[in-house]
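Working notes, structure below.
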Number of protein chains: 2
Amino acid sequence: MDIQYTILGLLNAQPLSGYDLKKIIADSDLFYWSGNNNQIYHSLVNLHKQGLVSVETFQQENLPPRKLYSITPAGEMELRQWLLSDPVLPEIRDPFLIQLAWADQLHGDELDALLARYAEELEMQVRMLGQRRLNPWYRPARTKRETLLWSRIEERLQERYQQELDWVNRLRNEILKNP
Amino acid sequence: MDIQYTILGLLNAQPLSGYDLKKIIADSDLFYWSGNNNQIYHSLVNLHKQGLVSVETFQQENLPPRKLYSITPAGEMELRQWLLSDPVLPEIRDPFLIQLAWADQLHGDELDALLARYAEELEMQVRMLGQRRLNPWYRPARTKRETLLWSRIEERLQERYQQELDWVNRLRNEILKNP
DNA sequence: CTTGTCATGTAAGAGGTTACATGATTCG
DNA sequence: CGAATCATGTAACCTCTTACATGACAAG
């Protein structure tokens with residue numbers, strides 16, 4: 001349940017409501033979940049049961065009460081333990097590679113069109129991530145080191161798609177030369 | 001349900017049993033599922049209901065009957081349609097980047113140890129994938145072009161982790177210089 | 001004498017997604 | 001007048017995982 005640690009990390013910077021968390025996660029490229037209510041509200045209930053977060057409820061006129069969650073000392077310890085835990089390798093699910101694996105069934109022009117469309121999708125993604133880096137709307141910068149880390153993380157998220165694009169372009173050239 | 005198309009692709013090369021499919025998928029890096037029975041046997045029943053595969057049952061002494069699945073003409077058409085369908089971007093889930101995102105909580109030595117352990121994991125993965133490429137146990141090579149495609153796909157699977165490793169090493173150096 | 005292979009299948013549960021439900025307010 | 005924002009929460013469903021169940025035979 002990595003989303004629990006994501007939430008703890010976010011609350012470690014500042015108290016937030018479920019609604020705040022949902023927006024941050026839904027709009028983030030790093031936090032790769034959809035940011036759906038089900039998961040977030042359920043996680044918050046769980047974290048509260050475990051005593052890792054505390055809640056304050058603020059009544060509002062004409063709006064449901066706002067529940068502001070804060071990390072507890074126990075939550076801080078739990079987060080720190082996770083930060084020191086064994087790194088996990090990235091999990092990459094790429095249905096396109098599977099498509100390519102069977103793509104020898106296609107004619108030359110169909111295959112090239114497929115690769116071209118994939119390259120186009122990747123270019124769009126690279127551009128989009130570049131735009132978001134210019135205009136981020138969640139990026140903690142409490143220390144110089146944190147600023148450096150976030151900068152390199154955001155760069156990496158974009159670079160991955162760029163490297164994928166470089167690979168497709170190399171492959172396209174090679175296939176054009178060996179018809 | 002990409003696993004259905006994975007199975008159709010495998011059956012398009014040769015008839016296979018559920019057990020065969022399970023082994024191929026479980027041992028593959030490209031086909032990223034665990035290869036569990038539940039999914040595979042259930043997918044085969046589904047494909048059969050849709051008329052995309054046919055079954056022949058062979059009775060065996062002292063063993064459960066072996067069900068050999070083959071792709072049907074309808075299945076071939078369905079596979080071809082999928083091959084021509086819109087490419088989907090890879091989905092990368094990297095809990096380590098999230099760990100890093102909050103890692104400014106750690107001391108300098110703890111952070112470097114974390115990065116070092118991640119680098120070590122990546123190196124192991126790169127080595128493992130290199131070994132498997134030398135000694136693959138599923139790799140269709142019906143045409144020159146298919147051989148080329150599979151070669152580039154397998155290279156890419158390894159290269160991704162290599163590029164991840166390069167990035168971590170760059171980051172480690174940078175952090176050592178800016179303490 | 002335990003582990004692995006062959007070969008089918010079921011069960012339980014974690015994790016994640018989209019859509020629904022409510023209801024006032026504000027902006028274009 | 002419709003859509004977005006604020007703010008909580010529920011329901012249904014899909015995907016995927018681990019573990020269980022059966023049962024023979026072969027190899028270390």
Side-chain angles (χ1 to χ4, degrees), chain A residues 1-7 10-11 15-50 53 55-69 88-89 91-95 98 137-138, chain B residues 1-7 10 15-50 53 55-69 88-89 91-95 98 137:
Chain A
M1 283 279 261
D2 290 328
I3 203 167
Q4 299 232 7
Y5 293 104
T6 299
I7 291 174
L10 288 164
L11 295 183
L16 294 166
S17 68
Y19 188 75
D20 297 331
L21 288 163
K22 171 194 161 141
K23 275 196 304 177
I24 292 171
I25 290 172
D27 268 59
S28 162
D29 302 298
L30 173 62
F31 309 126
Y32 42 78
W33 299 272
S34 73
N36 68 96
N37 295 357
N38 208 334
Q39 219 174 352
I40 289 167
Y41 287 106
H42 183 248
S43 292
L44 284 169
V45 168
N46 263 1
L47 286 167
H48 191 240
K49 268 188 199 157
Q50 295 171 256
V53 302
V55 205
E56 250 188 305
T57 306
F58 297 91
Q59 294 299 332
Q60 302 179 110
E61 289 177 24
N62 303 326
L63 273 181
R66 181 176 150 91
K67 295 186 180 175
L68 198 65
Y69 290 87
V88 171
L89 289 177
E91 213 183 296
I92 304 165
R93 310 202 152 197
D94 194 349
I98 299 178
W137 70 277
Y138 184 85
Chain B
M1 283 279 260
D2 290 328
I3 202 166
Q4 299 233 9
Y5 293 104
T6 300
I7 291 174
L10 288 164
L16 294 167
S17 69
Y19 188 74
D20 297 330
L21 288 163
K22 170 192 161 146
K23 275 195 303 175
I24 292 171
I25 291 172
D27 268 58
S28 161
D29 302 298
L30 172 62
F31 310 126
Y32 41 78
W33 298 272
S34 73
N36 67 96
N37 296 357
N38 209 334
Q39 218 173 352
I40 288 168
Y41 287 106
H42 184 247
S43 292
L44 285 170
V45 169
N46 263 0
L47 287 168
H48 191 240
K49 269 187 201 157
Q50 296 171 255
V53 302
V55 205
E56 251 188 306
T57 306
F58 297 89
Q59 294 299 331
Q60 303 179 111
E61 288 177 25
N62 303 325
L63 273 182
R66 181 175 151 90
K67 296 187 180 174
L68 198 65
Y69 290 87
V88 172
L89 290 177
E91 213 184 295
I92 305 164
R93 310 202 152 196
D94 194 350
I98 299 179
W137 70 278

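Naming: A, B, ... by sequence-line order, numbering from 1 per chain. Just so you know, these numbers use all the heavy atoms, side chains as well, and skip hydrogens, waters and symmetry mates.
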Legend entry - Out of C/dA7, D/dT8, C/dG9, whichever nucleotide has its closest atom nearest the side chain of B/K67: C/dG9

If you compare every side-chain N and O of [X] against the phosphate oxygens of [N] (OP1, OP2), does one of them come in below 4.0 Å?
{"X": "A/S17", "N": "D/dC6", "answer": "no"}
{"X": "A/Y19", "N": "D/dC6", "answer": "yes"}
{"X": "B/Y41", "N": "C/dT8", "answer": "yes"}
{"X": "A/K22", "N": "D/dT8", "answer": "no"}
{"X": "B/Q60", "N": "C/dC6", "answer": "no"}

What integer distance in Å separates [X]:[atom1] from [N]:[atom2]?
{"X": "B/R66", "N": "C/dT5", "atom1": "CZ", "atom2": "P", "value": "16 Å"}
{"X": "B/I40", "N": "C/dT10", "atom1": "CD1", "atom2": "P", "value": "14 Å"}
{"X": "B/D20", "N": "C/dC6", "atom1": "CG", "atom2": "P", "value": "9 Å"}
{"X": "A/F58", "N": "D/dT8", "atom1": "CZ", "atom2": "C1'", "value": "16 Å"}
{"X": "A/Y69", "N": "D/dG9", "atom1": "OH", "atom2": "C1'", "value": "11 Å"}
{"X": "A/K23", "N": "D/dA7", "atom1": "NZ", "atom2": "P", "value": "8 Å"}
{"X": "B/H48", "N": "C/dG9", "atom1": "NE2", "atom2": "P", "value": "12 Å"}
{"X": "A/I24", "N": "D/dC6", "atom1": "CD1", "atom2": "P", "value": "12 Å"}

Legend entry - From CD1 (B/I98) to CZ (B/R93), nearest 0.5 Å: 10.0 Å

Show each protein N/O and nucleotides 11-21 of chain C N/O combination with a separation under 3.5 Å, one pair to a line.
residue: C/dA11; atom: N6; partner: B/N38; partner atom: ND2; Å: 2.4
residue: C/dA12; atom: N6; partner: B/N38; partner atom: ND2; Å: 3.1
residue: C/dG16; atom: OP1; partner: A/W33; partner atom: NE1; Å: 3.0
residue: C/dG16; atom: OP2; partner: A/W33; partner atom: NE1; Å: 3.4
residue: C/dG16; atom: OP2; partner: A/Q39; partner atom: NE2; Å: 2.7
residue: C/dG16; atom: O5'; partner: A/Q39; partner atom: NE2; Å: 3.3
residue: C/dT17; atom: OP1; partner: A/S34; partner atom: N; Å: 3.2
residue: C/dT17; atom: OP2; partner: A/S34; partner atom: N; Å: 3.2
residue: C/dT17; atom: OP2; partner: A/S34; partner atom: OG; Å: 3.0
residue: C/dT17; atom: OP2; partner: A/N36; partner atom: ND2; Å: 3.3
residue: C/dT17; atom: O4; partner: A/N38; partner atom: ND2; Å: 3.1

Legend entry - Within-4.5 Å side-chain heavy-atom neighbours: A/S17 and A/K67: no

Inset, instruction - Using a 4.5 Å cut-off on heavy atoms from C-beta on, say whether the side chain of B/W137 contacts that of B/K23. - result: yes

Legend entry - Side-chain (B/T6) to main-chain (B/D2) donor-acceptor, under 3.5 angstrom: yes

Legend entry - Closest contact, heavy atoms only, A/K22 versus A/G35: CG-O, 3.1 Å

Inset, instruction - Over all heavy atoms of both residues, which pair between A/Y32 and B/D94 is shortest? Give the atoms and the distance, please. - result: CE2-N, 3.5 Å

Inset, instruction - Ignoring hydrogens and angles, state whether a donor on the side chain of B/S43 or B/N46 is under 3.5 Å from an acceptor on the partner side chain. - result: no

